[in-house]
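Order of listing sets the numbers, starting from 1, for every ligand and every atom in it.
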Amino acid sequence: MNVTIIGTGKMARALSTRFLEGGHSVSLVGHTPGKADELAEELKSTVKGGGSMAVAKENTVPGEVVFLAIPYTATREVAEKFKDQMAGKIVVDITNPINYQTMETSVEVGSGAEEIAKNLSVTSRVVKGFNTTFATPLTSGQAGGLPLDVFLAGDDTQAKLKVAQLVESGGMKAIDTGPLVRARQLEAIGLLNVAMQAHRGTNFMSVFKVIE
Ligand SMILES: NC(=O)c1ccc[n+]([C@@H]2O[C@H](COP(=O)([O-])OP(=O)(O)OC[C@H]3O[C@@H](n4cnc5c(N)ncnc54)[C@H](OP(=O)(O)O)[C@@H]3O)[C@@H](O)[C@H]2O)c1
């Protein structure tokens with residue numbers, strides 16, 4: 001699958017690692033000049049797997065699945081900039097919209113994912129996912145010797161199936177939680193996971209798992 005990741009930070013590195021190991025083609029879209037090239041070179045030399053790594057041409061968002069690996073506060077600007085480029089594509093919102101002063105959600109009504117969908121073309125198919133998986137466990141795709149659970153929410157079943165394929169090919173388990181409105185609960189779980197780090201001292205290694 002051709003995947004594009006907007007962002008070159010911790011989550012971009014972790015997502016790229018999983019997708020490269022899963023045999024996919026990953027393109028990076030950077031913000032600060034040079035950072036995408038730097039990360040692409042690093043991953044080419046460190047990650048084993050059949051996938052290929054590239055940097056997207058300036059002002060383009062290639063690929064059928066696009067990940068927003070940027071702060072929630074940057075999503076409006078990025079959605080506006082790349083609205084046409086992301087039309088018709090699957091857009092995965094991995095963000096946790098958190099006000100770090102209050103440790104509450106920064107979204108007034110609904111979820112960040114629903115707000116992002118409003119800023120995109122109506123033909124973009126938004127899937128919430130990966131917001132409950134911290135970058136460190138995501139890099140290995142495992143926690144406690146078990147595959148990581150990746151919770152997904154979205155209104156388009158085919159889009160969720162595509163993202164689920166990416167998840168499973170990277171050695172993790174996809175859990176479809178229902179329509180995009182479920183992003184409200186996924187964002188609450190993401191916030192809870194962040195908020196409890198200080199109390200439990202788990203250093204951003206904790207994960208949520210469904211035992212069935
Ligand atoms: N870290 C985690 O464990 C984790 C877990 C689940 C979800 N998340 C979510 O994943 C997202 C990314 O987190 P992260 O930890 O990867 O953050 P990060 O390491 O700080 O990386 C953020 C990325 O966003 C880019 N960026 C910032 N402002 C931008 C703008 N206005 N336009 C375009 N790009 C911009 C940065 O580019 P420059 O560096 O060039 O400015 C950087 O590449 C966040 O929404 C976070 O809530 C994180």
Could you pull out every donor-acceptor pair under 3.5 Å between side chains of residues 131-138 and any protein atom, sequence neighbours left out?
{"unit_1": "N131", "atom_1": "ND2", "unit_2": "N96", "atom_2": "OD1", "d": "3.0"}
{"unit_1": "N131", "atom_1": "ND2", "unit_2": "L186", "atom_2": "O", "d": "2.9"}
{"unit_1": "T133", "atom_1": "OG1", "unit_2": "F130", "atom_2": "O", "d": "3.0"}

Would you indicate whether the side-chain heavy atoms of M86 and I6 approach each other to under 4.5 Å?
yes
Side-chain atoms of residues 24-37: list all donor-acceptor pairs with protein atoms under 3.5 Å, sequence neighbours left out, distances to 0.1 Å.
{"unit_1": "H24", "atom_1": "ND1", "unit_2": "M1", "atom_2": "N", "d": "3.1"}
{"unit_1": "H24", "atom_1": "NE2", "unit_2": "S169", "atom_2": "OG", "d": "2.7"}
{"unit_1": "S25", "atom_1": "OG", "unit_2": "S52", "atom_2": "OG", "d": "3.2"}

Considering non-hydrogen atoms only, spot the tightest contact between A56 and P62 and give its length.
CB-CD, 3.6 Å
Can you name the closest pair of heavy atoms from T95 and K128 and give their distance?
O-NZ, 2.6 Å
Under 3.5 Å, which donor-acceptor pairs link side chains of residues 75-84 to any protein atom two or more places apart or in another chain?
{"unit_1": "T75", "atom_1": "OG1", "unit_2": "Y72", "atom_2": "O", "d": "2.7"}

Exercise answer, ligand 1 polar atom pairs (N/O) under 3.5 angstrom:
{"unit_1": "ligand 1", "atom_1": "3 (O)", "unit_2": "A135", "atom_2": "N", "d": "2.8"}
{"unit_1": "ligand 1", "atom_1": "16 (O)", "unit_2": "K10", "atom_2": "N", "d": "3.2"}
{"unit_1": "ligand 1", "atom_1": "16 (O)", "unit_2": "M11", "atom_2": "N", "d": "2.8"}
{"unit_1": "ligand 1", "atom_1": "19 (O)", "unit_2": "K10", "atom_2": "N", "d": "2.9"}
{"unit_1": "ligand 1", "atom_1": "19 (O)", "unit_2": "K10", "atom_2": "NZ", "d": "3.1"}
{"unit_1": "ligand 1", "atom_1": "31 (N)", "unit_2": "E77", "atom_2": "OE1", "d": "3.4"}
{"unit_1": "ligand 1", "atom_1": "39 (O)", "unit_2": "K35", "atom_2": "NZ", "d": "2.7"}
{"unit_1": "ligand 1", "atom_1": "40 (O)", "unit_2": "T32", "atom_2": "N", "d": "3.0"}
{"unit_1": "ligand 1", "atom_1": "40 (O)", "unit_2": "T32", "atom_2": "OG1", "d": "2.5"}
{"unit_1": "ligand 1", "atom_1": "41 (O)", "unit_2": "H31", "atom_2": "ND1", "d": "3.0"}
{"unit_1": "ligand 1", "atom_1": "43 (O)", "unit_2": "T8", "atom_2": "N", "d": "2.7"}
{"unit_1": "ligand 1", "atom_1": "43 (O)", "unit_2": "T8", "atom_2": "OG1", "d": "3.0"}
{"unit_1": "ligand 1", "atom_1": "43 (O)", "unit_2": "G9", "atom_2": "N", "d": "3.4"}
{"unit_1": "ligand 1", "atom_1": "45 (O)", "unit_2": "I70", "atom_2": "O", "d": "2.7"}
{"unit_1": "ligand 1", "atom_1": "47 (O)", "unit_2": "N96", "atom_2": "N", "d": "3.1"}

